[in-house]
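Working notes for the structure below.
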Amino acid sequence: MSAQAGAGGIAIGAYHAMPYGGVPAFPQQRAERPPRIGTIPREADYYQRRTASEALNQESATGQPAGTHVLTGTAGVGKTQLAALYARDAWKSGQLDLLLWINANTRAGIVTMYAQAASELLGADSGSPEQAAVTFLAWLEHRTRAQPCRWLIVLDDVSDPGDLRHLWPPDSPYGRTVITTRRRDAALSGGGRRLVPVGLFGPEEAVAYLSSSLSDHGSTEPKDTLADLARDLGYLPLALSQGAAFMLDAGLDATAYRELLANGARNLAELLPEQRTLPDDQDAPMAAAWALSIDHANGLRPTGLARPMLQLAAMLDANGIPNKVLTDGPALDHLSTSVRGRHRRGQRQGECTDEEARGALRALHRLNLIDHTPGDSPQGVRIHQLIQRTVRDALAPAEYERLVRAAADALTAIWPDIERDTGFAQALRANTTALMRHGQDALHRPHPHPLLHRIGRSLGKTGQVSAARDYFEDLARTLRRYCGPDHLDTLLARGGHARWRGEAGDASGAADETADLLGDVLRVLGPDHSHTLTTLSNLARWRGEAGDPEGAAAATADLLRDRTRILGQDHELTLSTRSNLQYWRGRTGDPADAAVATGELLEDMLRILGPEHPYTLTARSHLAHVRGRAGDHKAAASATAELLEDQELILGPDHPDTLTTRHELARWQGEAGDALGAANSLTTLLKDRSRVLGPDHPRTLATRSNLACWRSEAGDRAGAVSLTEELLHDMLRVLGPRHPYTRIAQANLARWREQPEDDGTPIPY
């Protein structure tokens, strides 16, 4: 077929199969150069080839039509650079008859460029842009027997999918469309269009970029230092580019720049180049780039809620916020406060619903400001750390403090008393830690927020007792500074430290510390204050655990009289004290009498508190324990097995109390004559305690010690000796030589070596 002029004067030649980068093979053009309309951004300095570019080229291997690809991602991830690279390569290859690059952030801009193309290619009347645009789009459609035109249209930075209504380039076997946008609305992925998420740099890509950009200016940094800097900047290409430029202009090395970034008092905008000195022809600093997206999201339905929602999320954990934190009562109060004056039918003035809160999250998700996964995922909302910082930087001090307290209220409101879902509890702690980092002062003033104590208790209740001990030690020190030594919160933090010190294995130290605390509590609060009574209860416990069960029983009897007088005999704390008293009496006197008394108490607890109350479960544990100590090992094992079944349902299989019950069950199983079964049960428990509590937790070490005891009882004395030798090495390292667990293990090992027929002494828990 001889060459002839195509529509609009573009010369089209014979068909040749020459695939390139996803653009199908087309007829060759004549010698004259095809038109290129619009300006392609220049390649950024030190550009890193991205894995996302593979999606743009994947059709080249199959020869299938290229179609439309939508590159979507938050501001600064490099969408435009990916599209520009593809467009330049396609143009240089000679495989295009038309390349049209459009700055598509407004509908008017799109129409104007379509009209320009229609004018240049078709001679259309530029005085009627809308009609010229329609003519151009119609011309792009391939018609049977017409000479094909190989075209690539890039619509860069589409800000609203609605701007493309009736302006989408047509499907054509000879054409391809690439769109870049911060949006990810469903409308962008319909009609066979492919949504291509563009994410952050990988760690290696980020380090390679920083190394190249800095070394080109004579600055050489160790790779591990650059890796730390890349992590601080969240692997965001725009942040890496602007951060490197700032370092070079300011004469800073990576370590010094990281110190500036870590200074929360410094505004992020102060640590990036000014607009007139931005690298790579960039138009705006990061804050300005995100501000546009936030404005767009805030204008989406439900109108006005996206911004306050993002402000609340900016106070929490970038790696994952449970949806419920942002859609429950306190969060709704915050959103309602932010949109006062709004009124919907069926709503009170300014009231926000959970449905609207979810709508605000979806609006932010559509603009790629957050990643939102609906449902109950502990990490339902993720947000880039620099977006968070940019949002926080824009807040006035009073608004900042209000948001910190609102976020604290939101976390506290949904924190369950029983942390059955360990992943959810971990997410709550991570978010609390982030909030404390962002708003330490606001959480302590005008008064300490309850969340400060809640996270410490959560650490301890999930088995992280050493972390809880250290946390409360730091909290007590901080509260002394903010509130003074006699403030109730300071006293509560001291009590928390003593408690988890004891749980971590130092019962004697916990008893001494609690005794010191009691003197201050009596002076400040008086003898009948609830915290005074709690301190007395804790003191009795730690004295008993430290080796004085008689003293513990006597102190608990005194406490029971006071609690009965102050609270009444049916109060849950009174009932709990009765349970504790029988436990200590079972350890010191006649366990059979204690078992009878505990059985009677349990009937009262079931009637008053119900079967699922934590104190009821504890009383059942005490009853099984005293029965076992009274010699009825089978009854103890049976009762413990029944308790374990209920605890797994109520508390969850990984709750520390559930694991303790499994430990007790193995004990009574062995005492009832099944030493091998006890050893097997402890072998399984050891894996779970190591996973949940950690290998160095005192209760994990106790499980290892008891496992050796029951292996010895089952006839494997050599194995018991070997296990205990390894165990002692860890006990001396973790607990020290004077800890009771260490001494028991040492005594067991000595007896097995000297008199192999002797049994070992088990450790509780």
Problem - Exam field: side chain T574 to backbone D570, donor-acceptor pair closer than 3.5 Å - result: no
Exercise for the section: Measure the shortest side-chain to side-chain distance between H444 and C483 over non-hydrogen atoms and say whether it is less than 4.5 angstrom. Expected result: no
Problem - Side-chain touch R662/L659, heavy atoms, less than 4.5 angstrom - result: yes
Exercise for the section: Grab the two heavy atoms, one from A540 and one from A555, that are nearest each other, plus how far apart they are. Expected result: CB-CB, 3.8 Å
Practice task
State whether K461 and D657 are salt-bridged, where the test is any N-O pair (Lys NZ or Arg NE/NH1/NH2 against Asp/Glu carboxylate O) under 4.0 Å.
Solution key: no
Handout entry: Exam field: side chain T564 to backbone L560, donor-acceptor pair closer than 3.5 Å
Key = yes
Handout entry: For T490 against A476, the heavy-atom pair lying closest together
Key = CG2-O, 4.1 Å
Fill in the blank from the handout: Checking Q647, E648, E645 against T661 for side-chain hydrogen bond (donor to acceptor under 3.5 Å, both in side chains), the one that qualifies is Q647
Problem - side-chain hydrogen bond (donor to acceptor under 3.5 Å, both in side chains) between H447 and D489, worked out - result: CA-CA 9 Å; H447 53 79; D489 283 278; over 6 Å; no
Problem - Sole residue of R711, H663, R667 in side-chain contact (heavy atoms from CB on, under 4.5 Å) with N706 - result: H663
Problem - Under 3.5 Å: donor-acceptor pair, side chain of T700, backbone of G694 - result: yes
Exercise for the section: For the pair E503 and R541, find out whether any cationic side-chain nitrogen is under 4.0 Å from an anionic carboxylate oxygen. Expected result: yes
Exercise for the section: Mind running side-chain hydrogen bond (donor to acceptor under 3.5 Å, both in side chains) on H622 and Q582 for me, showing each step along the way? Expected result: CA-CA 8 Å; H622 288 173; Q582 298 311 320; over 6 Å; no
Practice task
Would you give the length of the straight line joining atom CG of L525 to atom CG of L518, rounded to the nearest 0.5 angstrom?
Solution key: 10.5 Å
Practice task
Kindly determine whether T660 and R699 satisfy side-chain hydrogen bond (donor to acceptor under 3.5 Å, both in side chains), including the steps that lead there.
Solution key: CA-CA 8 Å; T660 296; R699 296 188 182 185; 2.9 Å; yes
Exercise for the section: Would you please say whether a donor-acceptor pair under 3.5 Å links the side chains of N748 and R751? Expected result: yes
Exercise for the section: Verify side-chain hydrogen bond (donor to acceptor under 3.5 Å, both in side chains) between S458 and E419, making sure each step is shown before the conclusion. Expected result: CA-CA 8 Å; S458 176; E419 298 178 7; 2.9 Å; yes
Problem - D562 and L533, any side-chain heavy atoms less than 4.5 Å apart - result: yes
Exercise for the section: State plainly whether the residues R753 and E725 are in salt-bridge range, i.e. N to O under 4.0 Å. Expected result: yes
Completion exercise
Checking D486, D474, D520 against R494 for salt bridge (Lys or Arg N to Asp or Glu O under 4.0 Å), the one that qualifies is D520
Handout entry: Nearest-0.5 Å distance, CZ of residue R585 to CG of residue D590
Key = 11.5 Å
Exercise for the section: Start with the C-alpha gap between R420 and D654, add the side-chain angles, then the distance that decides, and say whether salt bridge (Lys or Arg N to Asp or Glu O under 4.0 Å) holds. Expected result: CA-CA 8 Å; R420 191 182 191 287; D654 288 343; over 6 Å; no
Practice task
Determine, for R620 against D646, whether the closest basic-nitrogen to carboxylate-oxygen distance falls under 4.0 angstrom.
Solution key: yes
Practice task
Begin from the C-alpha positions of T556 and L536 and carry the test side chain to side chain contact (heavy atoms under 4.5 Å, CB included) through to its verdict.
Solution key: CA-CA 8 Å; T556 305; L536 286 166; over 6 Å; no
Problem - Under the salt bridge (Lys or Arg N to Asp or Glu O under 4.0 Å) test, residues paired with D421 that sit two or more places apart - result: none
Problem - Smallest separation among heavy atoms of G628 and H633, with atom names - result: O-CD2, 3.3 Å
Problem - Test item: T640 side-chain N/O and A624 main-chain N/O as donor-acceptor pair under 3.5 Å - result: no
Exercise for the section: Using distance alone, with no hydrogens and no angle criterion, decide if W752 and S712 have a side-chain donor and acceptor under 3.5 Å apart. Expected result: yes
Problem - Presence of salt bridge, R627 and D632, under 4.0 angstrom - result: no
Handout entry: Student check: side-chain heavy atoms of D696 and S466 closer than 4.5 Å
Key = no
Problem - Derivation of the salt bridge (Lys or Arg N to Asp or Glu O under 4.0 Å) call for D528 and R565 - result: CA-CA 10 Å; D528 290 348; R565 171 177 56 84; 3.1 Å; yes
Exercise for the section: List the steps, then state whether side chain to side chain contact (heavy atoms under 4.5 Å, CB included) holds for R469 with L459. Expected result: CA-CA 9 Å; R469 175 200 61 201; L459 286 169; over 6 Å; no
Handout entry: SB check R501 E513 (cutoff 4.0 Å)
Key = yes
Handout entry: Flag side-chain contact, heavy atom, 4.5 Å: S621 against L643
Key = yes
Handout entry: Criterion side chain to side chain contact (heavy atoms under 4.5 Å, CB included) on R429 and Q464, from CA distance to verdict
Key = CA-CA 12 Å; R429 291 193 298 273; Q464 301 178 61; 3.2 Å; yes
Problem - Minimum side-chain heavy-atom gap L452-R454 below 4.5 Å - result: no
Exercise for the section: State, to 0.1 Å, how close Q379 and N319 come at their nearest heavy-atom pair, and which atoms those are. Expected result: CG-O, 3.5 Å
Problem - Check: M605 and S579 side chains under 4.5 Å, non-hydrogen atoms - result: yes
Exercise for the section: Using modelled atom types only, decide if a donor and an acceptor are shared between the side chain of H487 and the backbone of R480 within a distance under 3.5 Å. Expected result: no
Exercise for the section: Anything under 30° is parallel, anything over 60° is perpendicular, the rest tilted; go ahead and classify Y741 against H739. Expected result: perpendicular
Handout entry: Side-chain touch E401/R445, heavy atoms, less than 4.5 angstrom
Key = no
Exercise for the section: Check whether the ring centres of F472 and H497 lie less than 6.0 Å apart, and answer yes or no. Expected result: no
Problem - Nearest heavy atoms of L491 and P485, plus distance in Å - result: CD2-O, 3.9 Å
Handout entry: Criterion side-chain contact (heavy atoms from CB on, under 4.5 Å) against L435, the qualifying member of I455, V404, D317
Key = V404
